[in-house]
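Notes to accompany the following structure.
Proteins get letters first, then strands, A, B, ... in listed order; numbering begins at 1 in each.
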2 protein chains.
Amino acid sequence: MAVSIKDIARAAQVSYSTVSRALNDSPLVKAETKERIRQVAAEMGYLPSAVARSLVMRRTQTIGVVVSTITDLFFAEVIHAIEETALRCRYNVILTNSGGDPQRELAAIRALCERRVDGMILVSGCSRRKDLCAEHKLDIPMVIINNVHQEHLGYSIEVDNIGGGRQATLHLLELGHRRIAHIAGPSREWDSVERQQGYEQALQAYGLEPDPMLITRGNSRPRGGIEAMERLLALPVRPTAIFCYNDATAIGAMRAAYAAGLRIPQDLSVVGFDDIDLAPYLEPPLTTVAQPKREMGARAVEMVLALLSGDQQVEDCVLPSRLVIRGSTMPPRIIV
Amino acid sequence: MAVSIKDIARAAQVSYSTVSRALNDSPLVKAETKERIRQVAAEMGYLPSAVARSLVMRRTQTIGVVVSTITDLFFAEVIHAIEETALRCRYNVILTNSGGDPQRELAAIRALCERRVDGMILVSGCSRRKDLCAEHKLDIPMVIINNVHQEHLGYSIEVDNIGGGRQATLHLLELGHRRIAHIAGPSREWDSVERQQGYEQALQAYGLEPDPMLITRGNSRPRGGIEAMERLLALPVRPTAIFCYNDATAIGAMRAAYAAGLRIPQDLSVVGFDDIDLAPYLEPPLTTVAQPKREMGARAVEMVLALLSGDQQVEDCVLPSRLVIRGSTMPPRIIV
DNA sequence: TTGAAAGCGTTACCAT
DNA sequence: ATGGTAACGCTTTCAA
């Protein structure tokens with residue numbers, strides 16, 4: 001059984017309030033006593049109980065994170081940033097995954113509330129506002145990264161999806177492409193809607209009307225990218241370039257293109273979104289729209305902490321996205 | 001402020017012990033009262049405090065996980081399995097990352113102990129046994145997945161690294177390769193040592209002596225794979241095949257090979273280790289030694305729970321690895 | 001079937 | 001500078 005403050009008090013012949021003070025480096029304790037108590041504590045291998053402390057302090061120094069899956073590199077990298085930043089601020093992170101299911105997400109939030117986390121970060125939260133609020137009896141600061149829904153439901157951190165989609169498409173347009181396809185994400189994801197808007201805006205800026213035949217949908221994972229690409233390849237006139245909802249989708253699309261005997265970028269240019277750490281190492285290195293993952297994670301915890309300290313100034317923030325040109329794009333071979 | 005059991009007691013006109021019992025579905029409380037109390041609790045939006053409960057129950061229903069980085073897909077996938085399994089068993093997971101630094105790992109373990117996690121899982125724990133034990137005053141079950149050190153320090157889950165390295169190399173040998181290089185992991189990682197042993201055993205089984213020139217070292221990430229590959233490519237006689245410590249290294253190696261104008265697998269066969277989810281989607285799809293990631297994660301939490309329930313039968317387990325042949329390997333063009 | 005009270009390991013306030 | 005004690009929100013005897 002763990003040694004408690006009382007055990008130390010007994011061993012050091014002082015009251016346990018003194019022990020508590022000494023261990024918390026209170027100036028109210030004589031240096032000498034303090035030293036002795038610490039000695040004893042160390043000898044006895046004392047480790048304070050965060051749970052007892054949490055109970056009385058009413059804060060757990062814990063941030064709850066819910067994410068659909070950590071198995072997607074983009075999420076993993078954001079979470080990594082969250083954890084690092086939290087650690088620096090002496091917070092720990094409880095990680096829960098929802099598998100993208102609103103039911104499970106709600107259950108996860110509930111569990112985090114029961115654990116009395118000081119704040120929560122939802123990465124691509126998938127529930128609707130009213131459900132979330134219903135669950136949200138305790139007023140625990142909650143910030144959402146890349147909210148799946150259009151509706152604002154509190155503090156959120158977004159990336160400029162429209163701008164990103166536009167940049168990606170403009171890049172392709174500037175290279176000379178005209179038949180540019182788009183593989184969107186799941187229809188319910190708002191960021192996908194926005195990226196597609198950017199895509200369409202860019203086309204229109206070039207006087208092109210978005211062609212429904214060239215717009216299809218994946219599932220944000222490679223598998224979906226493959227299937228979408230296969231559909232695109234079956235078209236009477238194939239696209240010469242393609243803008244994908246995210247890097248995972250792009251990886252799938254490239255796989256399908258290779259399987260069909262195409263070369264990238266000679267026969268098909270592809271642009272992704274996210275800029276996962278692996279992007280520069282793919283074959284070919286993937287041109288993609290970078291999201292500032294580290295910053296998104298860091299800002300999320302800073303936002304939670306600001307909220308926690310009663311700061312009312314906190315505002316939603318939308319971070320810029322940035323096109324990173326690598327090897328998966330080039331001018332089309334035949335200008336259409 | 002959160003509503004507590006006492007608030008409910010007041011509202012429902014019963015003692016708070018009764019409320020506690022009702023909420024825990026104790027048979028000692030009349031169905032009618034139970035129902036009424038629940039009603040009130042629901043109306044008041046009551047959410048039990050896991051921290052108070054943890055204090056009295058002396059268990060937190062929490063498993064602490066420490067990993068070097070979640071940014072590596074292999075780890076991410078193992079952790080995903082841990083989290084899923086834990087959830088099913090009504091446990092939550094506190095995630096901490098050590099960045100592969102023993103100092104930070106120790107600090108993380110200490111933090112987890114203070115939080116009184118019921119058990120801990122170290123994924124590729126990097127500290128030495130004695131340090132770990134020193135830290136381990138409370139006897140918290142601790143299981144290690146892929147222990148970095150040779151020494152056994154408790155319950156661990158390993159994969160058959162030697163067998164995996166052997167299978168990978170035998171596959172290459174059977175294809176007809178004779179100049180087979182190896183890019184190892186960081187020298188301090190025991191699993192790397194074992195995989196290399198497997199590699200050497202296979203060569204010897206074919207009457208080949210491992211050639212130090214063909215054995216180099218990465219850092220378990222793509223960057224290291226690139227650099228290692230560049231060294232290999234600078235050799236007077238290049239290898240025709242290469243077995244890499246892990247998939248991330250293989251990805252880097254392939255990148256360097258492509259950059260040098262080689263084709264894979266025509267000019268160079270490559271085999272990885274891990275079988276990350278992305279492996280089948282790479283170009284070419286990566287031949288690799290699969291680790292049973294889901295099972296490793298699941299077994300780890302089962303082991304923790306078994307230990308927790310006082311089961312003394314728990315034994316270290318080593319899971320089989322399995323070669324998955326995909327497109328990155330083929331017979332060498334010129335048999336040397 | 002219900003209530004009263006002790007106790008989990010802390011912090012913090014009030015005395016001394 | 002130190003000790004005593006209440007309180008945090010819950011579970012669990014022990015009584016009634």
* Asked: Hey, is the side chain of B:Ser54 poking within less than 4.0 Å of OP1 or OP2 on D:dC10, counting only N and O atoms?
  -> no
* Atom pair distance, as rounded to whole Å: CD1 in B:Ile37 and C1' in D:dT11 -> 15 Å
* To do: Specify the separation, in whole Å, of atom CD1 of B:Ile8 and atom P of D:dC10.
  => 8 Å
* Positions of residues 17-25 of chain B (non-hydrogen atom under 4.0 Å from DNA chain C), listed by number -> B:Ser17, B:Thr18, B:Arg21
* Asked: Quick one: does B:Leu319's side chain get under 4.5 Å of B:Glu295's, heavy atoms only?
  -> yes
* Atom pair distance, as rounded to whole Å: CD1 in B:Ile5 and C1' in C:dA5 -> 15 Å
* Just checking A:Val14: base, sugar-phosphate only, or nothing, at a heavy-atom cut-off of under 4.0 Å? -> sugar-phosphate
* Asked: Do you know which of A:Gln291, A:Arg294, A:Lys293 makes side chain to side chain contact (heavy atoms under 4.5 Å, CB included) with A:Val78?
  -> A:Lys293
* Starting at OH of A:Tyr16 and ending at P of D:dT2, how long is that distance when rounded to a whole Å? -> 17 Å
* **Side-chain heavy atoms of A:Gln61 within contact of B:Arg115, under 4.5 Å** => yes
* **Close side-chain approach of B:Val19 to B:Tyr46, heavy-atom, < 4.5 Å** => no
* Is there side-chain contact between B:Asp277 and B:Leu73, with at least one heavy-atom pair below 4.5 Å? -> no
* Do B:Leu305 and B:Tyr91 come within less than 4.5 Å of each other through their side chains, counting heavy atoms only? -> yes
* To do: Could you check how far CD of A:Glu114 sits from P of D:dT11, rounded to whole Å?
  => 11 Å
* Asked: To the nearest angstrom, how far is A:Arg58 atom CZ from D:dG9 atom P?
  -> 5 Å
* Compute the bend angle of the helix from C:dT1-D:dA16 to C:dT16-D:dA1 from the end axes (five pairs per end), rounded to 10°. => 50°
* Please work out if B:Lys6 contacts a base, only the sugar-phosphate, or nothing of the nucleic acid, heavy-atom cut-off 4.0 Å. => nothing
* Asked: When you check the gap from the basic side-chain N to the acidic O, do B:Asp25 and B:Lys34 get nearer than 4.0 Å?
  -> yes
* Among B:Asn146, B:Ile145, B:Ile109, the one residue meeting side chain to side chain contact (heavy atoms under 4.5 Å, CB included) with B:Leu122 -> B:Ile109
* Any side-chain N or O of A:Ser4 less than 4.0 Å from the OP1 or OP2 oxygen of C:dG9? -> no
* Take B:Val56 and B:Pro27, find for each the nucleotide of DNA chain C with the closest heavy atom, and name the residue whose nucleotide sits nearer the 5' end. => B:Pro27
* **Rounded interatomic separation in angstrom, taking CG from B:Leu28 and P from D:dA16** => 18 Å
* For A:Met57 and D:dA7, what is the distance between atoms CE and P respectively, to the nearest whole Å? -> 18 Å
* **Any side-chain heavy-atom pair of B:Thr96 and A:Leu87 under 4.5 Å** => no
* Asked: Is the distance from OP1 or OP2 of D:dG3 to the nearest side-chain N or O of A:Ser15 less than 4.0 Å?
  -> yes
